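To keep things clear, I will list the structure first and then write my remarks on it.
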Amino acid sequence: MADVEEVELVVAHRERATLRVGDVFLKIDADQTRTDVEVEAMAMAPIPTPEVLWRKPPVLALAALPGTALGRLGERSAASPSAWAAAGAAVRKLHDAPLPPWPGQSLDELASDLDRECERLVTNDVLPADLVTRNREVAEAALRPWTPVFTHGDLQVSHVFLDGEEITGVVDWSEASRGDALYDLAVLTLGHEEHLGDVVAGYGTDVDLDVIRAWWSLRSLLAVRWLVEHGFDPYAPGCEVDVLRARM
């Protein structure tokens, strides 16, 4: 790293920041519990993950993964249907793995968070009331008991890397926990509905598409205000607000 001339700011907000220095990613997190989860989850995961180079709190150093991201929210993915199916197969392998020892969010906690967030979105004029009401109705289908699996918890399309049609790794495991399998599939395909069939084909089992669509609404409703407050733009074309509008 001594010869590196440039430092790239990958993402930064009040809770955490990620820098790229050559082929090394430096993750700085205010909450070391999240870093503990990330390190342990990567060690447990049966799919490729970044190599942990070193850790000196609050910094975690990870080796860069080969290849490119499967896509970006708000942008059309250049990856082939086979590549999306490969991502689905990788997710299935993760979900078939032994559960992590720590729990995820309970159904009651999730429902409470959703109700509270919907109220804030309307009260603070963040989103139109009819948009929130409709998507809250759609989200209801996700609020049902599920059999817990090992979930990534934040499986955004930009967190999955591939070389050609081979998955080279998955990054950002700080939200990993026991959770609903369909949540991971929903986050992966958020804003990329045209690839849902490819992902499900690779996943290799019947899934309830209505529940995945419900998770799209639920995820977006919970994310919009946080994104705005942390300097991101959920109103950009193809992003969270467009996902909500598509359910109208």
Side-chain angles (χ1 to χ4, degrees), residues 10-11 16 18 20 23-25 27 29 33-55 60-73 77-105 146-192 195-207 211-212 215 219:
V10 178
V11 64
R16 67 188 81 168
T18 301
R20 181 166 186 166
D23 290 331
V24 177
F25 283 90
K27 302 189 68 173
D29 200 316
T33 301
R34 285 193 294 253
T35 306
D36 293 341
V37 167
E38 179 158 17
V39 171
E40 187 169 353
M42 288 192 296
M44 294 178 60
I47 59 178
T49 63
E51 177 188 358
V52 176
L53 299 176
W54 51 266
R55 181 182 180 188
L60 174 66
L62 302 172
L65 289 171
T68 57
L70 182 61
R72 303 282 177 188
L73 184 61
S77 173
S80 69
S82 296
W84 281 87
V91 178
R92 179 58 184 272
K93 189 173 183 180
L94 174 66
H95 292 171
D96 286 342
L99 292 170
W102 58 91
Q105 190 175 32
W146 58 74
T147 300
V149 299
F150 186 173
T151 57
H152 178 277
D154 191 22
L155 197 62
Q156 300 177 46
V157 64
S158 59
H159 291 167
V160 180
F161 281 73
L162 72 159
D163 185 1
E165 296 178 352
E166 179 184 355
I167 302 301
T168 59
V170 177
V171 302
D172 286 357
W173 291 80
S174 61
E175 306 298 327
S177 69
R178 304 180 184 190
D180 181 12
L182 300 190
Y183 178 69
D184 270 353
L185 296 178
V187 177
L188 178 63
T189 55
L190 185 78
H192 294 276
H195 291 293
L196 177 58
D198 301 323
V199 170
V200 170
Y203 192 72
T205 189
D206 290 336
V207 301
V211 173
I212 289 181
W215 276 120
R219 164 90 174 191

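As the structure is a prediction and not an experimental result, all values here were calculated from the model. The residues of the chain are indexed from 1 along the displayed sequence.
In this structure, the side chain of H192 engages the main chain of R72 through a donor-acceptor pair within 3.5 Å. D23 places no side-chain N or O within donor-acceptor distance of the main-chain N or O of A64, the cut-off being under 3.5 Å. When atom types are taken as modelled, the side chain of T151 and the backbone of D180 share no donor-acceptor pair closer than 3.5 angstrom. Formation of a donor-acceptor pair under 3.5 Å by the R178 side chain with backbone atoms of P100 is found in this model.
Under 3.5 Å, the side chains of S177 and Q105 contain no donor-acceptor pair of N or O atoms. Residues W84 and T189 bring no donor and acceptor atom of their side chains to less than 3.5 Å of each other. With no hydrogens or angles considered, no side-chain donor-acceptor pair links H152 and D184 at under 3.5 Å.
Under the 4.5 Å side-chain criterion, counting only non-hydrogen atoms from C-beta, L65 is in contact with P50. Between P101 and E40, the closest side-chain pair of non-hydrogen atoms falls below 4.5 Å. Counting only heavy atoms from C-beta outward, the side chains of Q156 and L190 never approach each other to under 4.5 Å. At least one side-chain heavy atom of P66 sits less than 4.5 Å from a side-chain heavy atom of T168. Under the 4.5 Å side-chain criterion, counting only non-hydrogen atoms from C-beta, L62 is in contact with E38.
Heavy atoms only, all atoms of each residue included: F150 and P98 are closest at CD1-O, 3.5 Å. Taking each heavy atom of A176 and V37 in turn, the nearest pair found is O-CG1, 3.6 Å. Of all heavy-atom pairs spanning L99 and P148, the tightest one is CD2-O, 3.5 Å. Contact record, G191 with L73: CA-CD1, 3.9 Å, taken as the closest heavy-atom pair. Here the closest heavy-atom approach between residue S80 and residue E165 is recorded as OG-OE2, 3.1 Å. I167 and P48 get closest at one heavy-atom pair: O-CG, 4.0 Å.
Exactly one residue among L94, L188, D172, L185 makes a side chain to side chain contact (heavy atoms under 4.5 Å, CB included) with L155. That residue is L188.
R16 and E175 are joined by a salt bridge, as a carboxylate oxygen and a charged side-chain nitrogen come within less than 4.0 angstrom of each other.
R34 CZ to K27 NZ: the interatomic distance, rounded to the nearest 0.5 Å, is 9.5 Å.
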Between T49 and W173, does the side chain to side chain contact (heavy atoms under 4.5 Å, CB included) criterion hold? Intermediate values first, please.
CA-CA 9 Å; T49 63; W173 291 80; 3.6 Å; yes
Begin with the C-alpha distance, continue with both residues' side-chain angles, and end with the deciding distance and a verdict on side chain to side chain contact (heavy atoms under 4.5 Å, CB included) for V170 and F161.
CA-CA 6 Å; V170 177; F161 281 73; over 6 Å; no
Pair E51, L53 - check side chain to side chain contact (heavy atoms under 4.5 Å, CB included), show working.
CA-CA 6 Å; E51 177 188 358; L53 299 176; 3.8 Å; yes
For side chain to side chain contact (heavy atoms under 4.5 Å, CB included), just list the numbers for T205 and R92, CA-CA rounded to whole Å, side-chain angles, deciding distance to a tenth of an Å, and then say yes or no.
CA-CA 9 Å; T205 189; R92 179 58 184 272; 3.2 Å; yes
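Classified by interplanar angle (parallel below 30°, tilted 30° to 60°, perpendicular above 60°), the ring pair H95/Y203 is perpendicular.
The side chain to side chain donor-acceptor pair (under 3.5 Å) test applied to R219 returns D154, Y183, not counting sequence neighbours.
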